[in-house]
Student: 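Could you have a look at this structure, given as structure tokens, before my questions?
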Number of protein chains: 2
Amino acid sequence: MHVNTLDQRIISCLVANARSSYADIGKLVGLSAPAVKRRVDRLLESGVLRGFTAVVDPEALGWGTEAFVEMHCKGNIQPARIRARLEPLPEVVAAYTVSGAADAIVHLRAADIHHLETALERLRGLEIVERTVSTVVLSTLLERSPNPEH
Amino acid sequence: MHVNTLDQRIISCLVANARSSYADIGKLVGLSAPAVKRRVDRLLESGVLRGFTAVVDPEALGWGTEAFVEMHCKGNIQPARIRARLEPLPEVVAAYTVSGAADAIVHLRAADIHHLETALERLRGLEIVERTVSTVVLSTLLERSPNPEH
DNA sequence: ATTGAAATCGCCGTGGC
DNA sequence: GCCACGGCGATTTCAAT
């Protein structure tokens, strides 16, 4: 699907504030409210926009402890099977297959160190896992969404 | 600040769809629209809710290539100084200080391998950086927001 | 509960191919 | 002529007080 500059500006507005009205976005990009809505609908349908979500302070919800885990799996394993094993673990925030020695990098979020330990044990207990190397997050320096424009 | 079950359910609704109306949320959690708004305002003011954003397909915007970079810095460096150096780099999606050998983990997003290489060079060129170890993402297995409830 | 704003829908005009 | 796209106005739903 084709995404032009106008679409990118609309997307930027929505990334900055997903609850802004179509009229407000229209004022910024130079369109009427219905025109903005039609573009947003089209972007949603085509999958360029996946949806709208609230950004929550993890600390406030009792998810203050994070870690990145290098996962080394037994033998040759398809990404889909790794995904299937990780998906049921609620502490898994994100997971990626990667180049290099590890098979995957798993981003974990837990309430505290103890909970993190439990989550790690469960992760290491998966039968596909040979070993793991975990790195505990001490502080979040930066977290942002990538801009449509460079 | 105190966040109860009702607040958590409201947050869940907003995480699922940040553009849903107060009335719709109210139907799901058993409150009137104004009551929901008051709670949302309070959650925003207290910082539990940081805001609302659009979830974008990075591929569609031409940000198809990701990497995680272990950053090893020269000497003892304060997190704030690392942050200050990383903040101007648009390819830096997230960055964390971590336990272990590395000083920080940097999450990069670029248009393609070539752009990633450029971004990496710029990162390695920072005077605080001693060396880096980068891991290129091959595929995203999973990406989700942590639920308020376990 | 009332008043104003926003979302939504149908209809029409314009311009490119 | 057809299609893509935007504006306008009416109606319904929502937000704010």
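Numbered from 1 within each chain, the chains take letters A, B, ... in sequence-line order.
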Student: Closest nucleotide of DNA chain D for A:S32 versus for B:K27: which of these residues is on the 5' side?
Tutor: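 Nearest-nucleotide comparison on DNA chain D picks A:S32.
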
Student: Rounding to a whole Å, what distance do you find between A:F52:CZ and C:dA7:C1'?
Tutor: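 It works out to 13 Å between those atoms.
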
Student: Looking at D:dT17, C:dA7, D:dC8, which one has an atom nearest to any side-chain atom of B:P34?
Tutor: D:dT17

Student: Indicate if B:L141 and A:I105 have the same hydrophobic cluster label, given that clusters are the connected sets of ILVMFWY residues with side-chain heavy-atom separations under 4.5 angstrom.
Tutor: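 B:L141 does not cluster with A:I105.
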
Student: Without decimals, in angstroms, what is the distance between A:R42 CZ and D:dC5 C1'?
Tutor: 9 Å

Student: Given D:dA15, D:dG6, C:dT8, identify the nucleotide with an atom nearest to the side chain of A:A35.
Tutor: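 Minimum distance to the A:A35 side chain belongs to D:dG6.
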
Student: Within this structure, what is the CG-to-P distance between A:L43 and D:dA4, rounded to whole angstrom?
Tutor: 16 Å

Student: Given D:dG7, C:dA7, D:dG6, which nucleotide is nearest the side-chain atoms of A:R39?
Tutor: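 The nucleotide sitting nearest to the side chain is D:dG6.
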
Student: Would you say that more than 12 heavy atoms from the other residues, nucleotides or ligands in this model lie under 6.0 Å from the CD of B:E45, or not?
Tutor: no

Student: Just checking, is any N or O donor in the side chain of A:H115 or A:E91 under 3.5 Å from an acceptor N or O on the other one?
Tutor: yes

Student: So B:F68 and A:F68, would you call those rings parallel, tilted or perpendicular, with 30° and 60° as cut-offs?
Tutor: tilted

Student: Which heavy-atom pair separates A:L86 from B:R144 by the least distance, and what is that distance?
Tutor: O-NH2, 3.9 Å

Student: From C-beta outward on A:R38, which listed nucleotide comes closest to its side chain: D:dC14, D:dA15, D:dG7?
Tutor: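 The answer is D:dG7.
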
Student: Could you check how far CZ of A:R19 sits from C1' of C:dA6, rounded to whole Å?
Tutor: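 These atoms are roughly 12 Å apart.
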
Student: Find the distance A:Y22:OH to D:dC8:C1' and express it as a whole number of Å.
Tutor: 19 Å

Student: To the nearest Å, how far apart are A:N17 CG and C:dA6 P?
Tutor: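 Result: 13 Å.
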
Student: Which nucleotide wins on minimum distance to the side chain of A:S21, given the candidates D:dG7, C:dA6, D:dA16?
Tutor: C:dA6

Student: Check every atom of D:dC14, D:dG6, C:dT8 against the side chain of A:K37 and return the nucleotide holding the closest atom.
Tutor: C:dT8

Student: Choosing from D:dC14, D:dG7, C:dT8, which nucleotide comes nearest the side chain of B:D24?
Tutor: D:dC14

Student: Between D:dG7 atom C1' and A:L6 atom CG, what is the distance in whole Å?
Tutor: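 It is 14 Å, rounded to the nearest whole Å.
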
